[in-house]
Amino acid sequence: MLFRLMCFGIFMSPNPPSGRYDLVRFIKEIQAQGLYVCLRIGPFIESEWTYGGFPFWLHDVPGIVYRTDNKPFKFYMQNFTTKIVNMMKEEGLYASQGGPIILSQIENEYQNIEKAFGVAGSQYVEWAAKMAVGLNTGVPWVMCKQTDAPDPVINACNGMRCGETFTGPNSPNKPALWTENWTSFYQVYGGVPYIRSAEDIAFHVTLFIARNGSFVNYYMYHGGTNFGRTSSAYIITAYYDQAPLDEYGLFRQPKWGHLKELHAAIKSCSTTLLQGVQRNFSLGEMQEAYVFEEENGECVAFLINNDRRNNVTVQFHNSSHELLPKSISILPDCQNVVFNTANVNTTSNIRIITSRQNFSSVDDWKQYQDVISKFDDTSLRSNSLLEQMNTTKDISDYLWYTLRLENNLSCGEPTLRLHSAAHVAYAFVNDTYIGGAHGNHDVKSFTLELPVTLNEGKNNISILSVMVGLPDSGAFLERRFAGLINVELQCSKQESLNLNNYTWGYQVGLLGEQLEVYKEQTSSDIEWTQLEHIMIDQITLTWYKTTFDTPKGDDPVVLDLSSMGKGEAWVNGQSIGRYWILFHDSKGNPSQSLYHVPRSFLKESENSLVLLEEGGGNPLDISLNTVSVTDLHENFSKLPFPTSV
């Protein structure tokens, strides 16, 4: 089996990677388990990873333009690629050295944006290929979604149906490779999970192999968790939870079992697939066969029914074979069917969520009230609205825009109107919260209009602008704009006061972030107080803190945060990710309510839990749970509740 690995998070770090960033150790573990590696170096990876995997300091390199024939960018890209390759070579990890790395990838889906750069884009592709090949890894290089990948770099397909959509290798001496077979799809806040059936995955893998495909790499085979602030814009913390192995590493049946049977069937006839001569012929109006035959008589057949609605009986080698709708039968000896993509023998399973601890006692909680930043508190000033990402440098999701305003308007209750290209905005006037709004993944900006009551004389306007991840794709990523675009006070259509060019004060991050209140050992300057009352449905910017013991056993551990609003959670000082319960999907449910707490993060007892709640949540109703799975139809009557599929 092959393990797909994209490199991220170690972009030219001066220190050797350690912990979860220890790439060498991870690849050695892959080798120890008898697996192979496609090392997709990038360095741009997209992957719903914040800023596409680039470190934000790259943005500040003078004259840089990402992913084109640009000298500063190529300098850092070559440095990074060379560093990764040398790390692998030094440990003998390429297949040419006896290691598990059988392929490397440079760039990622570049053809999606290549036209935006004109001639410079084509020159960049040539340069990237030449640079990569010149590193002499002894294994092939690939470019995915790059039909003009220069020789000897192999062009590869990404998608769900590469057996149908792939135009093929751009040279007869290159194999057909499928570098990303999407087993599900990423999920955004406000979105529902994408469910791709086991039958559909199996059909398209089999079709790709039948049409001379030699490599299929699942994206993802094992789901995961975007810990901390690593998710890109609006992407939930769980990642590809619908993969054959889910976010926690548990079987997602019947996907896992059905694909295991498919792999065994293909492996059983792999020699003939590699050495045989392929023929393709019709078996009917919507049916066809692909046959591989060796000189010694060995024969493999794929019988395909493209009719989505009807069973069809076909004649092949003087025998009748019934094909299920939209299916492929595999005959390793051209006689006997050992696998049909639509015939699922694996029993479906269901998740069991078992409550292990609740946090309902007020006495177990402490709180720390963050502050509303005001103009006089700020040291960074500008006579314009600053772009958010360039101001925060990605050290925080939060940026305060503050203004001290003399009330010279004629109306008593003007309307505060702002237009934002960030993701969330909360507005405060004289320390009082007056309202908020947010955008979504598909709409890149939003407006907020609120009536305000101004005092005579001076007033403080504070707007907290929030990013939920940085963008991860598109041409000219370094030019992307986030933050407030326009702010004005309106009395009427005839009378308005544009505030864009007033003197604004800025504060990067929340005070609690600066004080690192989420760490186990915090500064004595932090005044945690006993929890007394909770402001439900109000923006409070409150930190909550408690402790818990680790549940016994080996089952994955999760926090059910369905009673919270929006914020971030830390366990023993490590962020388990952002949450946004209040952002409901089309069915009225949170896009994610269970948050993974790896057992490697935990101690036996007295684990610290810190929540940053922007507002609207109740920590007394959260719970600590474990997750397991059981076969669905066999054990349904015995299931404890609640459960989650």
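Along the sequence shown, the residues carry numbers beginning at 1. Model, not experiment: these values are computed from the prediction.
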Check: Are Y234 and Y186 an aromatic pair by the rule of ring centers under 6.0 Å?
Finding: no
Item checked: Close side-chain approach of I41 and V85, heavy atoms under 4.5 Å -> yes
Notebook entry, point to check: Say you draw a straight line from OH of Y221 to CG of N217; how long is it, rounded to the nearest 0.5 Å?
Noted result: 12.0 Å
Notebook entry, point to check: Do Q242 and T183 come within less than 4.5 Å of each other through their side chains, counting heavy atoms only?
Noted result: no
Notebook entry, point to check: Does the side chain of N340 pick up a donor-acceptor pair with the side chain of S327 at under 3.5 Å?
Noted result: yes
Checklist line | Closest contact, heavy atoms only, I45 versus N108 | finding: O-ND2, 3.2 Å
Margin query: Between D472 and I235, does the side-chain contact (heavy atoms from CB on, under 4.5 Å) criterion hold? Intermediate values first, please.
Written below: CA-CA 10 Å; D472 69 346; I235 301 297; 5.6 Å; no
Note to self: Any donor-acceptor pair under 3.5 Å linking the side-chain atoms of Y189 with those of Q592?
What the structure shows: no
Checklist line | side-chain contact (heavy atoms from CB on, under 4.5 Å) between F26 and I30, intermediate numbers included | finding: CA-CA 6 Å; F26 188 56; I30 293 172; 4.0 Å; yes
Notebook entry, point to check: Looking at D200 and K326, does any basic side-chain N land under 4.0 Å from a carboxylate oxygen?
Noted result: no
Notebook entry, point to check: Could you go step by step and tell me if L324 and N343 meet the side-chain contact (heavy atoms from CB on, under 4.5 Å) rule?
Noted result: CA-CA 8 Å; L324 296 173; N343 183 21; 3.9 Å; yes
Checklist line | R40 and E180 ion-paired at < 4.0 Å | finding: yes
Notebook entry, point to check: Any chance NZ of K260 has more than 12 other-residue heavy atoms, nucleotides or ligands included, within less than 6.0 Å?
Noted result: no
Notebook entry, point to check: Can you find a side-chain donor-acceptor pair between D555 and T626 that sits under 3.5 Å?
Noted result: no
Item checked: Donor on one side chain, acceptor on other, Y544 and E613, under 3.5 Å -> no
Checklist line | Nearest atoms (heavy-atom pairs only) where L177 meets V142 | finding: CD1-CG1, 3.5 Å
Next item on the list: Please state whether the rings of F208 and F166 are parallel, tilted or perpendicular, taking 30° and 60° as the class boundaries.
Entry: tilted
Check: Does the side chain of D631 come under 3.5 Å of the side chain of N349 through a donor N or O and an acceptor N or O?
Finding: no
Checklist line | Flag for E513-S396: side-chain donor and acceptor within less than 3.5 Å | finding: yes
Next item on the list: For this output row, return yes or no: ring centroids of H596 and Y248 closer than 6.0 angstrom.
Entry: yes
Check: With a 4.5 Å heavy-atom cut-off, do L39 and Y94 have their side chains touching?
Finding: yes
Check: With no hydrogens and no angle check, do the side chains of S348 and Q253 hold a donor and an acceptor under 3.5 Å apart?
Finding: no
Margin query: Could you check, using the six-membered ring where one of them is a Trp, whether Y219 and Y240 have ring centers closer than 6.0 angstrom?
Written below: yes
Margin query: Please check this pair: side chain of S231 against backbone of I236, looking for a donor-acceptor N/O pair closer than 3.5 Å.
Written below: yes
Margin query: Working to the nearest 0.5 angstrom, can you tell me the gap between I581 CD1 and N618 CG?
Written below: 13.0 Å
Check: Are K566 and E614 ion-paired here, with the side-chain N under 4.0 Å from a carboxylate O?
Finding: yes
Check: Per the ring-ring contact (aromatic ring centres under 6.0 Å, His included) rule, which among Y218, F339, W256 passes with H263?
Finding: Y218
Checklist line | Check: E199 main-chain N/O paired with H204 side-chain donor or acceptor under 3.5 Å | finding: no
Check: Checking R67 side chain against F44 main chain: does a donor-acceptor pair fall under 3.5 Å?
Finding: no
Item checked: Euclidean distance, N440 CG relative to K444 NZ, rounded to 0.5 Å -> 8.0 Å
Next item on the list: Starting at CE of M564, measure out to CG of L611 and round the result to the nearest 0.5 Å.
Entry: 5.0 Å
Notebook entry, point to check: Between Y579 and Y595, how do the two ring planes meet: parallel, tilted or perpendicular, split at 30° and 60°?
Noted result: perpendicular
Note to self: So T50 and R229, do their side chains get closer than 4.5 Å, heavy atoms only?
What the structure shows: no
Next item on the list: Would you tell me whether T147 and Q111 have side-chain atoms, one donor and one acceptor, within less than 3.5 Å of each other?
Entry: yes
Check: Any donor and acceptor pair, going by atom type alone, linking the side chain of T550 with main-chain N or O of L602 inside 3.5 Å?
Finding: no
Next item on the list: Taking all heavy atoms of L612 and all of W570, pick out the closest pair and write down the distance.
Entry: CB-CZ3, 3.8 Å
Next item on the list: For E114 and Q146, run side-chain hydrogen bond (donor to acceptor under 3.5 Å, both in side chains): C-alpha distance rounded to whole Å, both residues' side-chain angles, the deciding distance at 0.1 Å, then the answer.
Entry: CA-CA 9 Å; E114 183 175 349; Q146 193 68 41; 2.8 Å; yes
Next item on the list: Find out whether M389 and D394 are in side-chain contact, i.e. whether some heavy atom of one side chain is under 4.5 Å from a heavy atom of the other.
Entry: no
Check: Taking SG to SG, are C157 and C144 separated by less than 2.5 Å?
Finding: no
Next item on the list: Give a yes or no on whether the ring-centroid distance for F601 and F227 is below 6.0 angstrom.
Entry: yes
Notebook entry, point to check: Okay, side chain of N226, backbone of I576: is any donor-acceptor separation there less than 3.5 Å?
Noted result: no
Next item on the list: Heavy atoms only: give me the nearest F359-Q357 pair and the separation to one decimal.
Entry: CE2-NE2, 3.7 Å
Checklist line | G191 to D585 - nearest heavy-atom pair and separation | finding: O-CB, 3.8 Å
Next item on the list: Measure from the ring center of F446 to the ring center of H438 and say whether it is less than 6.0 Å.
Entry: no
Next item on the list: Supply the atom-to-atom distance T179 OG1 to F215 CZ, rounded to the nearest 0.5 angstrom.
Entry: 7.0 Å
Notebook entry, point to check: Where do A265 and V338 come nearest, in terms of heavy atoms and distance?
Noted result: CB-CG2, 4.0 Å
Check: Would the F476 and Y66 ring centres measure less than 6.0 Å apart?
Finding: no
Notebook entry, point to check: When you check the gap from the basic side-chain N to the acidic O, do D554 and R599 get nearer than 4.0 Å?
Noted result: no
Margin query: Show, in sequence, the C-alpha distance, side-chain angles and deciding distance for E48 and S232, and conclude whether the side-chain hydrogen bond (donor to acceptor under 3.5 Å, both in side chains) test is met.
Written below: CA-CA 5 Å; E48 293 70 60; S232 63; 5.8 Å; no
Margin query: Any non-hydrogen side-chain atom of N625 less than 4.5 Å from a side-chain atom of L559?
Written below: no
Check: Tell me, do Y239 and M220 make a side-chain contact under 4.5 Å, heavy atoms counted?
Finding: yes
Next item on the list: First locate atom CE of M160, then atom CZ of R196, and finally report the distance between them rounded to the nearest 0.5 Å.
Entry: 5.5 Å
Notebook entry, point to check: Are any side-chain N or O atoms of R252 and backbone N or O atoms of D246, one a donor and one an acceptor, separated by less than 3.5 Å?
Noted result: no
Checklist line | side-chain hydrogen bond (donor to acceptor under 3.5 Å, both in side chains) between E107 and Y124, intermediate numbers included | finding: CA-CA 10 Å; E107 250 298 335; Y124 169 68; 2.7 Å; yes
Next item on the list: Return yes when atom NZ of K603 has more than 12 non-hydrogen atoms of other residues, nucleotides or ligands closer than 6.0 Å, and no otherwise.
Entry: yes
Notebook entry, point to check: Could you go step by step and tell me if R351 and D241 meet the salt bridge (Lys or Arg N to Asp or Glu O under 4.0 Å) rule?
Noted result: CA-CA 12 Å; R351 277 183 180 166; D241 186 40; 2.5 Å; yes
Next item on the list: Taking the side chain as every heavy atom from C-beta outward, state whether I101 and L93 have any pair of such atoms under 4.5 Å apart.
Entry: yes
